[in-house]
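The block underneath contains the structure these notes are about, expressed in structure tokens.
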Amino acid sequence: MAFPEPKPLAPELPQKLLKTLDCSQGAVRAVRFNVDGNYCLTCGSDKTLKLWNPLRGTLLRTYSGHGYEVLDAAGSFDNSSLCSGGGDKAVVLWDVASGQVVRKFRGHAGKVNTVQFNEEATVILSGSIDSSIRCWDCRSRRPEPVQTLDEARDGVSSVKVSDHEVLSGSVDGRVRRYDLRMGQLFSDYVGSPITCTCFSRDGQCTLISSLDSTLRLLDKDTGELLGEYTGHKNQQYKLDCSLSAQDTHVVSCSEDGKVFFWDLVEGSLALVLPVGLGVVQSLAFHPHEPCLLTAMGGSVQCWREEAYEAEGPTG
Amino acid sequence: MGRAWSLWKKVWGQLVGRVCRKQAGGQDSGERPKKPVPLQDQTVRDEKGRYKRFHGAFSGGFSAGYFNTVGSKEGWTPSTYVSSRQNRADRSVLSPEDFMDEEDLSEFGIAPKAIVTTDDFASKTKDKIQEKARQLAAATAPIPGATLLDDFIAPAKLSVGFELLRKMGWKEGQGIGPRTKRRPRRQKPDPGVKIYGCALPPGGSEESEDEDDDYLPDNVTFAPKDVTPVDFTPKDNVHGLEYKGLDPHQALFGTSAEHFNLFSGEPQGASSLLGDAGLNKGRKLGISGQAFGVGALEEEDDDIYATETLSKYDTVLKDEEPGDGLYGWTAPKQYRSQKESEKDLRYIGKILDGFSLASKPLSSKKIYPPPELPRDYRPVHYFRPVVAATSENSRLLQVLSESAGKAVHDPTTHSRHQLNASKRGELLGEMPVQGSATSVLEFLSQKDRERIKEMKLATDLKAAQLQARSLAQSAANSRARPSSPDLGHSPWHVALGGATAPTRASNFRPFAKDPEKQKRYEKFLLHMKKGQKDALERCLDPSMTEWERGREREEFARAAQLYTASHSTLSSRFTHAKEEDDSEQVEVPRDQENDVTDKQSAVKMKMFGKLTRDVFEWHPDKLLCKRFNVPDPYPGSTLVGLPRVKRDKYSVFNFLTLPETTPPPTAPASSEKGPQLRETRKPSRWDAAQHEKKEDSISEFLSLARSRAGAPKPEPSPSVNTEEGRTPPESLPNKTGHSGAAPQTEGEGSRPSMDLFKAIFASSSESSSEEEEQDNSEDEQAGPEEAGFGGTQDSDTREAVSVAHAPAPAPPEPAPVPPFPIQKMQLDEREEFGPRLPPVFCPNVRRKPETPQKEKCKKNKEKHKSKKEHKRKKDKKKKHKKHKHKSKQKTKKSEKSSSSESTDSHDSESDGAGTPDLSPEELLRRLKCLPLPQQ
């Protein structure tokens with residue numbers, strides 16, 4: 001009956017400030033890793049979208065063409081294109097290399113809170129404050145969305161996409177999961193306005209953060225509550241949450257300038273990472289390494305685990 | 001005799017030839033053909049243009065059977081006689097029509113099928129006057145002869161007046177009036193007036209008159225001439241005066257007035273008639289009207305072919321009645337007075353039986369002169385819609401009267417002269433006297449008046465609120481103690497008694513599907529109105545179970561309340577639809593996420609899972625499946641999205657079970673903090689939904705009622721919420737949340753285009769600061785987000801900091817009141833959309849050159865000074881500056897500072913740093929908006 005020693009988790013968590021990127025693009029509305037975690041995107045309130053190497057802190061490209069602040073962005077699986085949405089109600093598809101606008105999808109009646117590519121980057125799903133999710137086809141030249149998911153009663157704050165599911169959180173306090181394969185819509189009532197949702201990496205659970213300063217881990221199939229994580233503060237802003245690379249921890253922004261780490265299973269607070277004075281408005285967890293990006297104000301911080309040694313020259 | 005015969009033959013031949021030619025193909029050239037039509041060309045065609053062969057009278061005439069055969073379409077085969085036990089031979093009764101050809105059934109056949117006016121209904125004679133009028137119209141019509149269509153609309157019978165006149169001796173063609181001794185001039189149609197159609201053959205008497213014009217026996221009286229109606233059609237073309245368009249008849253045949261008169265007895269005349277008009281007029285073919293008009297300086301050519309008669313000339317000087325008879329009631333005065341004077345009744349040939357001559361003349365109508373207008377009269381009228389008081393628009397009436405009443409009640413405007421007796425009485429506190437019909441309301445029916453009163457009551461939001469609360473309480477009570485329902489009624493009565501109108505139950509039938517229930521409901525309302533306390537118990541069905549009763553009780557109360565509240569508040573804003581929508585159904589999603597209350601309690605108990613989950617059938621688009629590489633789950637269906645069903649539009653349950661009435665939000669886990677936080681923090685879109693719901697009275701009532709009735713648990717300070725939601729935003733100057741909502745939404749609509757252009761045409765990152773400033777000023781008027789972030793990209797984003805942090809949650813020290821109302825505006829505007837974006841705070845950004853800012857700051861200060869800014873303000877400013885420096889130092893020192901200090905510093909910094917990069921215009925604007933200095 002010898003179980004293997006549980007690995008010490010603490011050193012695994014990113015808590016060492018590696019780099020601070022001064023984005024100089026107004027407020028950084030969102031920071032996102034690309035698909036392999038080598039680059040990151042920052043969405044600025046000055047209508048630009050910037051591509052960085054977060055570890056080196058180098059700015060690779062600036063994408064301008066939005067008519068208003070950029071609120072969310074995502075990269076495609078092949079790193080060839082980006083999509084972003086913003087306050088100008090438009091969803092923009094970018095070419096990464098040239099920095100040009102490939103397409104602009106207009107149709108939302110309000111600002112676009114969140115955008116996601118599907119797995120093959122053939123569809124962009126955008127959730128907007130107009131309480132609809134629109135599925136834009138990147139392949140055809142159709143100006144209209146393929147489908148509009150307008151079941152939400154209030155603004156859609158978060159959309160996540162798996163290979164056959166669309167997970168959306170809405171301000172009306174419901175998490176809706178559209179299962180394309182089954183042709184069903186699962187609507188889970190949480191009550192408080194949802195700020196962020198995400199799938200666990202194994203695709204079995206959904207993590208939901210809401211404005212009652214609570215994160216909930218729900219079983220995807222049954223909707224049962226698996227865990228609850230409190231301690232942070234999220235009562236008025238749209239803040240991000242995430243799961244760590246190995247689904248070991250739950251990470252969430254907080255309005256008091258910290259980032260909270262909970263143990264996923266035990267629900268205990270594992271780490272409180274002080275970032276700054278303001279609100280940590282966005283974060284992104286590296287897809288497979290203990291690396292965290294946080295956005296506060298106009299800058300982005302890159303955090304690594306304590307043992308991390310920067311390879312190569314940093315600049 | 002022989003000569004006469006030959007002549008007749010000649011005439012007959014010409015006649016036949018002409019008729020044949022006309023039939024032959026209608027080749028109606030104006031000219032007579034040079035050669036007679038050869039026999040082979042004299043063909044007859046039917047109406048379809050097919051040739052007809054003449055078969056001889058005994059072989060069928062023109063039509064012989066089927067395509068000139070004796071057969072039929074089936075050939076020469078008789079219908080075979082078949083009869084069996086099952087199929088009896090049907091005895092067909094043949095009518096004469098079965099043996100007729102189609103020609104026989106046509107208009108001129110022996111059995112015409114077309115509808116023809118029979119003689120009984122045809123007008124007996126052509127109305128001359130009408131004819132003349134028509135001629136006039138035809139002459140003035142743009143297309144001459146276009147009035148031919150009017151022939152089709154002939155009166156079926158002569159009118160009574162005609163009949164009476166005729167009985168009194170009047171004949172058609174005569175005028176009405178006293179008969180005259182002699183007629184100075186022969187009544188002959190004016191040569192200018194062309195007569196179309198059938199003119200009466202000239203009578204023998206007229207002929208004789210024509211000849212011996214001079215001789216007139218004294219005992220012969222003549223009827224007056226018929227009066228040609230005056231043509232009053234205004235001249236609306238650009239033709240010359242008296243211009244008449246081309247008349248096709250005249251153009252082709254010269255005179256169309258002539259008719260073939262075979263029996264005139266004058267062979268010579270006949271020949272001329274039969275021949276073309278050209279013969280008569282020297283072969284002057286074609287145009288004979290004044291097709292091109294006569295110029296102003298031209299004289300009309302003499303009609304050299306006109307016949308001269310003596311009757312055209314006056315033989316007597318002066319004493320004659322107006323010559324052309326065109327003077328009717330518009331005649332010049334002299335004629336009119338003349339006519340008036342000779343008022344003898346000689347013209348009446350005979351008086352009808354039972355009638356006698358009037359001894360007294362008809363009293364002429366007295367004509368009153370129009371009232372004289374006062375000098376300062378301005379002929380402008382402001383319309384106030386006049387609405388007839390019916391049951392449907394009584395609401396509109398009420399609104400109108402309210403609006404009118406408001407104007408009167410405005411204390412600044414109304415003087416004592418505008419008070420009427422009843423209003424004075426009201427002011428004095430008298431009881432109004434019944435039956436004094438002084439206001440519009442008095443003319444309304446009792447019902448309507450009641451309704452109006454009720455609506456006035458109900459529109460008062462506070463009253464409604466109270467009602468809702470009492471209702472909710474009562475509902476809670478009744479649920480808690482269903483066995484003793486009497487206790488629960490009195491509040492209902494309080495709530496409903498004043499506000500429910502039983503009359504409206506006739507309009508609004510919430511339970512129309514269940515007539516029994518509807519009946520009970522109406523009864524309930526009636527009782528309620530009468531003021532009976534046990535109204536509910538009385539009208540409920542005694543055979544129902546306790547549970548059913550309880551449920552129905554709630555439903556009734558809810559329906560009554562709902563209807564009252566919604567109807568009164570909504571009806572003032574909406575009018576009734578003129579037409580019903582084509583269907584009484586609306587499409588609703590088949591499955592709806594409902595039972596929020598249950599879910600809520602489940603969430604509270606952390607019983608996630610089945611209780612909180614709704615599963616719907618959802619159809620993804622085919623293309624979406626394709627793009628996701630997923631097989632279509634519903635391959636056969638064309639549906640997309642949630643399946644929808646039609647529901648009754650007017651079912652009360654569409655309203656009662658509002659699927660997503662967000663109840664008052666659940667308190668956060670740390671519920672102690674909740675209320676205070678809610679007080680201090682800015683309301684954002686996150687609770688804007690709740691906010692909206694609050695304003696919507698229906699859902700407000702419902703949610704309130706539900707929360708009271710459904711959840712007996714103590715809600716964490718719902719009253720605070722409702723209070724906050726209910727207070728009008730304008731009345732809260734220091735609550736930062738509300739006032740900016742409306743302008744913001746307006747700004748949002750117009751904003752993006754500008755920015756879009758800028759984003760496209762201006763290099764966004766390297767735009768000059770001036771531009772930015774302008775941008776900023778524009779944006780500040782337009783909306784918040786830009787005020788916060790759009791314009792501050794160059795300037796440390798500090799304003800954004802200010803904007804975001806002013807309402808910092810739960811500051812330990814009371815945050816200083818933001819000095820600028822404009823900033824409040826910004827704050828307000830920021831909460832426009834749902835998930836609020838986090839504030840920007842980047843104290844360690846040091847890339848900005850500081851000097852320009854400071855300069856601006858100075859400028860700013862100077863301006864303030866020059867405007868004699870309030871001292872306190874200045875002090876504050878200094879303080880802010882201090883704070884700013886402090887905060888900078890702090891940030892340099894450590895990033896972990898206490899939250900209280902940070903918030904404070906943010907606040908101060910916001911004030912200090914927000915101003916520097918403002919454009920002068922913006923500053924001016926702000927100064928204008930500042931509260932007045934209290935010096």
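Letters A, B, ... are given to chains in the order of the sequence lines, protein chains preceding strands, and every chain is numbered from 1.
For B:Tyr634, the part lying under 4.5 angstrom from a heavy atom of chain A is the side chain only. At a 4.5 Å heavy-atom cutoff, A:Val101 makes no contact with chain B through either its backbone or its side chain. Using a 4.5 Å cut-off between heavy atoms, A:Val123 contacts chain B through its side chain alone, with no backbone atom that close. Contact of A:Ser162 with chain B is made through the backbone alone, with heavy-atom distances under 4.5 Å. For A:Leu180, the parts sitting under 4.5 Å from any heavy atom of chain B are the backbone and the side chain alike. For a residue to count as touching a neighbouring chain, one of its non-hydrogen atoms must lie under 4.5 Å from one of that chain's; by this rule A:Leu149 touches chain B with the side chain only.
For the atom pair CG of A:Leu225 and CE of B:Met607, the computed distance is 11.5 Å after rounding to the nearest 0.5 Å. B:Leu642 CG to A:Leu185 CG: the interatomic distance, rounded to the nearest 0.5 Å, is 6.0 Å.
Proximity of A:Ser187 to B:Phe616: side-chain heavy atoms (C-beta onward) are separated by under 4.5 Å at one or more points. Side-chain atoms of A:Arg181 and B:Phe628, non-hydrogen and from C-beta on, never get closer than 4.5 Å to each other. Contact of the B:Asn629 side chain with the A:Glu120 side chain is registered, since non-hydrogen atoms from C-beta on lie closer than 4.5 Å. Taking the side chain as every heavy atom from C-beta outward, A:Arg174 and B:Lys599 approach each other to under 4.5 Å.
Closest approach of A:Phe186 to B:Val615, counting heavy atoms only: CD2-CG2, 3.5 Å. A pairwise comparison of heavy atoms in B:Phe608 and A:Tyr189 identifies CE2-O, 3.5 Å as the closest pair. Across all non-hydrogen atoms, the minimal contact from A:Gly183 to B:Pro620 is CA-CD, 4.2 Å. Contact record, A:Gln147 with B:Asp621: OE1-N, 2.7 Å, taken as the closest heavy-atom pair.
Partner B:Arg613 forms a salt bridge (Lys or Arg N to Asp or Glu O under 4.0 Å) with one of A:Asp221, A:Asp188, A:Asp219 and no other, that one being A:Asp188.
Ranked by heavy-atom pairs under 4.5 Å with chain B, the first of A:Gly223, A:Gly44, A:Ala30, A:Gly173 is A:Gly223.
Remark: A:Glu228 engages A:Arg216, B:Lys606 in a salt bridge (charged side-chain N to carboxylate O under 4.0 Å, His left out) (not counting sequence neighbours).
A 6.0 Å sphere centred on NZ of B:Lys622 holds more than 12 heavy atoms belonging to other residues, nucleotides or ligands.
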